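Here's the structure we're looking at; comments come further down.
The residues of the chain are indexed from 1 along the displayed sequence. We use all heavy atoms of the structure for the numbers below, so side chains are in, but hydrogens, waters and symmetry mates are not. Note that the structure is a prediction, hence the values are computed from the model and not measured. Atoms within each ligand, like the ligands themselves, are counted from 1 in listed order.
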Amino acid sequence: MTSVSSVPLDPWPAPVSPGPLNATVNLPGSKSLTNRHLVLAALAGAPSQVVAPLDSRDTRLMVRALEQLGARIKQGTDSDGVPVWTVTPFTLPDAAGSPLAAGSPGEGSVQGVGSPAPVEIDCGLAGTVMRFVPAVAALTQRPVRLDGDPAARRRPMGPVIQALKALGVEVHGGEDGHLPFTVTGSAAVRGGRIEVDASGSSQFVSALLLAGSRFPEGIHVRHTGAVLPSPQHIEMTMVTLRGAGLRASTDPDGLGWRVEPGVPSPGDVTVEPDLSNAGPFLGAALVCGGTVRVPRWPAKTTQIGALWTQLLPRMGAQVHLTQDGTLEVTGTGHLTAVDAADTGELAPTLAALCALAQGTSRLTGLAHLRGHETDRLAALVTELGRVNVAARELPDGLEISPEPGAAHGAVWESYEDHRIATAGALMGLAVPGVQVVDVATTAKTLPGFVGMWEGMLASHAGAAQPAGVPA
Ligand SMILES: O=C(O)C1=C[C@@H](OP(=O)(O)O)[C@@H](O)[C@H](O)C1
Ligand SMILES: C=C(OP(=O)(O)O)C(=O)O
């Protein structure tokens, strides 16, 4: 799909701060919530609606994958123009397991018995698609081959492959623990207890849990690894499952999760704005000074982006949630260094803020970022080096020690990583001459990033007419 409404220059000259901001930024829906709701709606017993979904590369890939497995997803809008996606689920084989019984097969699917050609699913670079869809595909009892971008073939998949095999799913390929591979489920796959090393990604656990209620015995996933990254995302999975009427519980030690057998009944759900993607915009208030507001900030959420309300004050911001649910972040242009653990997908944005702060910052609990869209720890050290900010890798994170006034402009590579690209935009606010390569890669989770960014900067305190940024 195209990335932004008007195609940005490549490399894109990141705009410098116009001075204190006075902007309102309406953020589209959460990627993580949208793709969970889509999966559960596709596994449900009746059609349901996902309201205000994120429409981006990652969610379109999920839509397409679920359609190929037999779901139907109609993309429309309500009377106020809010996007509404109506999902008609696929029919799974009965417990006795008549193979290839999935109903309403979409384009690219196969029918009939024998040795059908596999359904070919493109995961792009989306972790949620490459991890969640294999487990869902196993339920359809059809051969499904998964592949993605060249960079996707470097992301860890071993624990998903091993777990599916342990459950009795046939897996061809993927011996090296990466895409591509083909999964074929069968009636012999009953679910039950399974051990998974999720130290590389919480998505390994979420994948099994999201599909788990449709296995005859449900699923009980036990984590065996030394660390558990992004636990917020597992909690998001559990809350989404319960919201769909399923029985889902966490083991007392916090290292196991159980979903009882059942059919999801998600009803109609409205997706929260993406709080991780709020980060660069809220961070801009700290760098430029002034205030940035994000409406529809949820009072209660499982999104890891909720951490911004704790992290940004530690770096010098004032943060206020208004009665009507707008988060207001006010900064001064001066940032304080911070030590922070377990910030997961917020880390690239946070690293850029640390690079503009006074003092040395240490970000830890991030070893798994080496398996994200790119090796984010290496990428950030390299790109910060290009703009002359000292940074080094720690065993599980980053140490960032900027020297005041030393940073200078440079070409900033983005490695097909939306969050490295937006980190470059943040750097450019304070460092003239930063040019972000392939800023269009932000379309993974935020199509229109450049327009939103430039709109925010146009709403600075001195502007004649402060303008909100359209959703
Ligand atoms: O389940 C999800 O929606 C996600 C889980 C996290 O993955 P990791 O556990 O691999 O960090 C997060 O970083 C990713 O952006 C989205
Ligand atoms: C790690 C991320 O994405 P993915 O869902 O592809 O894992 C991310 O969005 O920061």
Without swapping roles, check the side chain of [X] against the backbone of [Y] for a donor-acceptor pair under 3.5 Å.
X: Asp251; Y: Asp253; result: no
X: His368; Y: His372; result: no
X: Arg296; Y: Pro28; result: no
X: Gln75; Y: Trp85; result: no

Are any non-hydrogen side-chain atoms of Ile304 and His233 less than 4.5 angstrom apart?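 Sidechains of His233 and Ile304: in contact.
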Run through ligand 2 for me and note each protein residue having a heavy atom under 4.0 Å from it, chain first, then residue number. Lys31, Leu125, Ala126, Gly127, Thr128, Arg155, Gln203, Glu345, His372, Glu373, Arg376, His418, Arg419, Lys444
Taking atom CH2 of Trp453 and atom CG of Leu426, what is their separation to the nearest 0.5 Å? 4.0 Å
What residues form a side chain to side chain donor-acceptor pair (under 3.5 Å) with Ser199, not counting sequence neighbours? Asp197
Exactly which residues line ligand 1, taking a heavy atom under 4.0 Å from it as the test? Lys31, Ser32, Arg36, Thr128, Phe132, Ser201, Ser202, Gln203, Ser230, His233, Glu345, His368, His372
Is any side-chain N of the basic residue among Glu373 and Arg154 closer than 4.0 Å to the acidic one's carboxylate O? no
Phe132: partners by ring-ring contact (aromatic ring centres under 6.0 Å, His included), with sequence neighbours left out: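 None.
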